[in-house]
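Data block below; observations after.
Numbering of residues begins at 1 and proceeds along the displayed sequence. Side chains are part of it too, since the values below use all heavy atoms of this structure and drop only hydrogens, waters and symmetry mates. Order of listing sets the numbers, starting from 1, for every ligand and every atom in it.
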Amino acid sequence: MNDAHSGIVKAVIPAAGLGTRFLPATKATPKEMLPVVDKPAIQYVVEEAVNAGLTDVLMITGRNKRALEDHFDRNYELEDALRRKGDHDRLSRVEESTELAALHYVRQGDPRGLGHAVLCAQPHVGDEPFVVLLGDDLIDPRDPLLTRMAEVRQEYGGSVVALMEVDPDQVHLYGCAAVKPTADDDVVKITDLVEKPAHGEAPSNHAVIGRYVLDPAVFDVLRTTEPGRGGEIQLTDALRRLTENETLGGPVHGVIFRGRRYDTGDRGDYLRAIVRLACEREDLGPDFRAWLKQLVAEGL
Ligand code: G1P
């Protein structure tokens, strides 16, 4: 990553989910390709990985995900047409996604959960620490999180997950961590983890958001992790086993993220993400903000 000493170069992006919350839009289009303003959501995530110095990106895909590969590949016909028109601005935006990083793909034949998707990365990742980025969470590029997580792994070893304090009503939507403070204000030691706890059973309001720096020891643990919540092999359960028995490859720490995060996996939050990012864009923002103010003034 940016810090040359962390030695982490590989990112894994699970993208095999069905995206049922966005049907019918996702009937024939992967949810990762839904635009957030004018870029597919997945491109923001790849850019975040690249900005953190990760140069090798593996996507775990499945059926119906060809558009992902096409998006990060060349489109000679389109590039040629734009070049002939002299439209260099759009040409460079088309080329941008191709030149980001070395992208690799592996298919998760059976959708058996996030833990299983991560396990599909093992042949590519090998025995190196790596980063997992979940596509539904967009982290604002002005609030870098991954570089801090890599620093924390260097300091404490083991694995590091990103945590955010959420409203207690929302904890059941996330993996939830029991934590102990450390000498660093933004770092906690994780003592237990529960995937999507039932109301009243959450150990805290520290929710796992979709960024993980993982020790390769997690692969061995995942291989013997039984299906959990929803009948799926959960990454959260494998990480809990690392907290229970540190000799397996722990410890697990959490970095408490206090920056801007947009959840594009939920329709309401997806709309809010688009409005916020559009408002902040230099090219679109001024007109869009004026229109939005007018709309609100009209009493919406
Ligand atoms: C996944 C993880 C969960 C985590 C969440 C973050 O759940 O299983 O632990 O809190 O991502 O977005 P999903 O939202 O994919 O159901």
Correct closest heavy-atom pair for Tyr262 and Arg260 would be OH-CB, 3.8 Å
If you scan protein heavy atoms around atom 4 (C) of ligand 1, the nearest is Val208 O, 3.4 Å
For atom 14 (O) of ligand 1, the closest protein heavy atom turns out to be Lys196 NZ, 4.4 Å
### Message
Hydrophobic clustering (ILVMFWY, side-chain heavy atoms < 4.5 Å, transitive) - are Val208 and Val213 grouped together?
### Response
no
Within the 4.0 Å heavy-atom cut-off, what Leu235 brings close to ligand 1 is neither
Worksheet item: According to the interplanar angle, ranging from 0 to 90°, do the rings of His199 and His172 count as parallel (below 30°), tilted (30 to 60°) or perpendicular (above 60°)?
Response: tilted
Gly175 heavy atoms within 4.0 Å reach ligand 1 at atoms 3 (C), 4 (C), 9 (O), 10 (O)
For Thr236, the atoms of ligand 1 under 4.0 Å from one of its heavy atoms are 9 (O)
Is Tyr174 in polar range of ligand 1, meaning some N or O pair under 3.5 Å apart?
no
Atom 1 (C) of ligand 1 sits nearest the protein heavy atom Leu134 CD1, 3.8 Å
Nearest non-hydrogen protein atom to atom 9 (O) of ligand 1, with distance, is Glu195 OE1, 2.7 Å
Any heavy atom of Asp136 sitting closer than 4.0 Å to ligand 1? no
Rounded to the nearest 0.5 angstrom, the OG1-CD distance for Thr29 and Glu32 is 11.0 Å
So, the side chain of Arg211 versus the backbone of Leu134: is there a donor-acceptor pair under 3.5 Å, distance only?
yes
Q) Within the side chain of Thr264, is there an N or O that forms a donor-acceptor pair under 3.5 Å with the backbone of Tyr270? A) no
query = Would you say the side-chain atoms of Arg21 pair up with the backbone N or O of Asp266, donor to acceptor, closer than 3.5 Å?
reply = no
So for Asp137 against ligand 1, with non-hydrogen atoms under 4.0 Å, the contacting part is side chain
